[in-house]
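Notes to accompany the following structure.
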Number of protein chains: 2
Amino acid sequence: MTPTTPSASPAISTPGRAAASEARKRRIRDAALSLFSQFGLRGASLDAIADQAGVSKTNLLYYFPSKEKLYISVLQQILNTWLEPIRAIDANQTPEAAIRHYIRIKVELSRDHEQSSRLFCLEMIQGAPLLKEELQHDLRALVEEKSKVIEGWIAHGSLLPVDPHHLIYLLWGATQHYADFAVQIDAISGKTLSDPDFFEATVDNIQRIVLGGLLSR
Amino acid sequence: MTPTTPSASPAISTPGRAAASEARKRRIRDAALSLFSQFGLRGASLDAIADQAGVSKTNLLYYFPSKEKLYISVLQQILNTWLEPIRAIDANQTPEAAIRHYIRIKVELSRDHEQSSRLFCLEMIQGAPLLKEELQHDLRALVEEKSKVIEGWIAHGSLLPVDPHHLIYLLWGATQHYADFAVQIDAISGKTLSDPDFFEATVDNIQRIVLGGLLSR
DNA sequence: GTCTATACAAAGATAGAC
DNA sequence: GTCTATCTTTGTATAGAC
């Protein structure tokens, strides 16, 4: 069995090695995400991570020189995924379309990346020792930029007056709650986002409350 | 120095002892809440808890026979505080007054019991191994009861149609976010709920969005 | 009730053979 | 690159003196 594509040249620096190495790293990172998101940095053991990844602990430490390096590597990957939806907000959209779309995307994230959401939440709860810097620069600038867009909509009269920061926090809180508190929601409603009907009902209700409110006028 | 109230009878089973014992237990529980809420059950060490409580580790283990017993003791205390606000929802209120009040109380909880909120969140993220039972019985029944109240308001026409469960989840998510993600909010807005103006702005904006929505009709 | 000493296990990390 | 063996630290918990 040759794990790589057959090549004519005999030996110019090991063909599929790098790929295999990357694959193994990915397996380790996946296992790490799974356990860190459940038990946190301190609570998850390298033993358990190595075990779940199907490698030996020593081998894990060959690819990631320390537990903290591995943790940071996992966190970095998450942050990018996390900032994408808010980047998509654009002044040329109508506020209704933009917010409607944003809510759907975020609930999709809660459904498809539950573990990432939880690890991010864990890191925040601990005071974000490893992310604070990036929050204060990148994320802050991003939120500031999108707040301007929201204020534009308000000035134009297409959105009722609201503090853009608090609107963003409400959207974050409401949507991420379905990932981080999935157990509680399951205990009460008997449903999770993996149920298509429940997913649609979630999106629809958040959209309706945020956009239309609860009181008839 | 007599630490207890002077008593005529000389020695009927040590007067202020029980109180002193309770006080020490409370100090330990407080320290435990502080550290468990930061690092979780596994991540917090008895060394650190004892240190913060100002007692020796051996002494801590005299009052709480094991780490897990201590953890459970802390969690139990939280759950009661947590269910109170939703109990107050009452069919005789107008929906506007009830929801307005509920939002304020919950944001107050996020401000005054940040650590409890975080420990609760941690427990949920981990799958609530120690709380699942209670969620499925007590909390579920409570939410069901209050959902009926909300449905009554909708049938009466004083509230626009919404799924009561999703409304409750949105309120939980939006309000607790200010406790659990306080670091992130501070990084972006430069404010926390301990700032009275920011607190009021938070309450006001959530109330406005949830009750009135964002679109003019 | 509180302390010192200690047993005992888990966990992160390294050395060195293959 | 991967493994076995091992070092070292940390952490939970108990024994027994005072």
Side-chain angles (χ1 to χ4, degrees), chain A residues 1-4 11 13-29 31-75 126 129-130, chain B residues 1-4 11 13-29 31-75 126 129-130:
Chain A
M1 273 199 275
T2 61
T4 63
S13 142
T14 58
R17 276 287 165 70
S21 169
E22 272 313 308
R24 185 160 270 217
K25 272 189 166 178
R26 242 195 94 236
R27 290 238 314 286
I28 293 171
R29 252 195 298 259
L33 171 58
S34 166
L35 286 156
F36 282 144
S37 71
Q38 257 185 94
F39 305 111
L41 171 57
R42 300 194 193 185
S45 74
L46 290 183
D47 276 299
I49 295 170
D51 196 54
Q52 184 163 324
V55 303
S56 71
K57 184 166 64 169
T58 345
N59 192 231
L60 185 157
L61 284 164
Y62 168 76
Y63 286 102
F64 296 92
S66 78
K67 191 187 191 183
E68 193 169 320
K69 290 268 171 59
L70 172 58
Y71 183 75
I72 290 174
S73 169
V74 172
L75 260 193
Q126 285 180 29
L130 294 155
Chain B
M1 273 201 276
T2 62
T4 64
S13 136
T14 56
R17 276 287 166 73
S21 169
E22 273 311 308
R24 186 159 269 219
K25 273 188 167 179
R26 243 195 92 237
R27 291 238 315 286
I28 294 171
R29 253 195 298 259
L33 172 58
S34 166
L35 285 156
F36 283 143
S37 71
Q38 256 186 94
F39 304 111
L41 171 56
R42 301 194 193 182
S45 74
L46 291 183
D47 275 297
I49 295 170
D51 195 56
Q52 184 164 322
V55 303
S56 71
K57 186 165 61 168
T58 344
N59 193 231
L60 184 157
L61 284 165
Y62 168 76
Y63 287 102
F64 297 91
S66 78
K67 191 188 193 182
E68 192 169 321
K69 290 266 172 58
L70 172 58
Y71 184 75
I72 290 174
S73 168
V74 173
L75 260 195
Q126 286 178 27
L130 294 155

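Throughout, protein chains are lettered first and strands after them, A, B, ... in sequence-line order, and every chain is numbered starting at 1. Note that these values count all heavy atoms, side chains included, but never hydrogens, waters or copies made by symmetry.
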Nearest 0.5 angstrom please: Phe36(A) CZ to Leu70(A) CG, how far?
4.5 Å
Extract all donor-acceptor atom pairs below 3.5 Å that involve side chains of residues 52-64 of chain A and protein atoms in other chains or at least two apart in sequence.
residue: Gln52(A); atom: NE2; partner: Ser34(A); partner atom: OG; Å: 3.0
residue: Ser56(A); atom: OG; partner: Asn59(A); partner atom: N; Å: 3.0
residue: Asn59(A); atom: OD1; partner: Arg24(A); partner atom: NH1; Å: 2.6

Where the side chain of Ser21(A) meets the backbone of Arg17(A), is there a donor-acceptor pair that is under 3.5 Å apart?
no
Locate the shortest heavy-atom distance separating Phe39(B) from Ala44(B); write the atom from each residue and the value.
CB-N, 3.7 Å
Phosphate oxygens OP1/OP2 of [N]: is one of them under 4.0 Å from a side-chain N or O of [X]?
{"X": "Arg24(B)", "N": "dG1(C)", "answer": "no"}
{"X": "Tyr62(A)", "N": "dT2(D)", "answer": "no"}
{"X": "Tyr63(B)", "N": "dT2(C)", "answer": "yes"}
{"X": "Arg42(A)", "N": "dA11(C)", "answer": "no"}
{"X": "Asn59(A)", "N": "dG1(D)", "answer": "no"}
{"X": "Ser56(A)", "N": "dT2(D)", "answer": "no"}

Remember a base hit wins even if backbone is also touched, and classify Ala44(B) as base, sugar-phosphate or nothing at under 4.0 Å, heavy atoms.
sugar-phosphate
Only pairs at least two apart or in different chains count here, so list each salt bridge (charged side-chain N to carboxylate O under 4.0 Å, His left out) that has a residue in residues 33-42 of chain A.
none
Polar pairs (N or O, both sides) under 3.5 Å between protein and nucleotides 13-18 of chain C?
residue: dA13(C); atom: OP2; partner: Lys67(A); partner atom: N; Å: 2.9

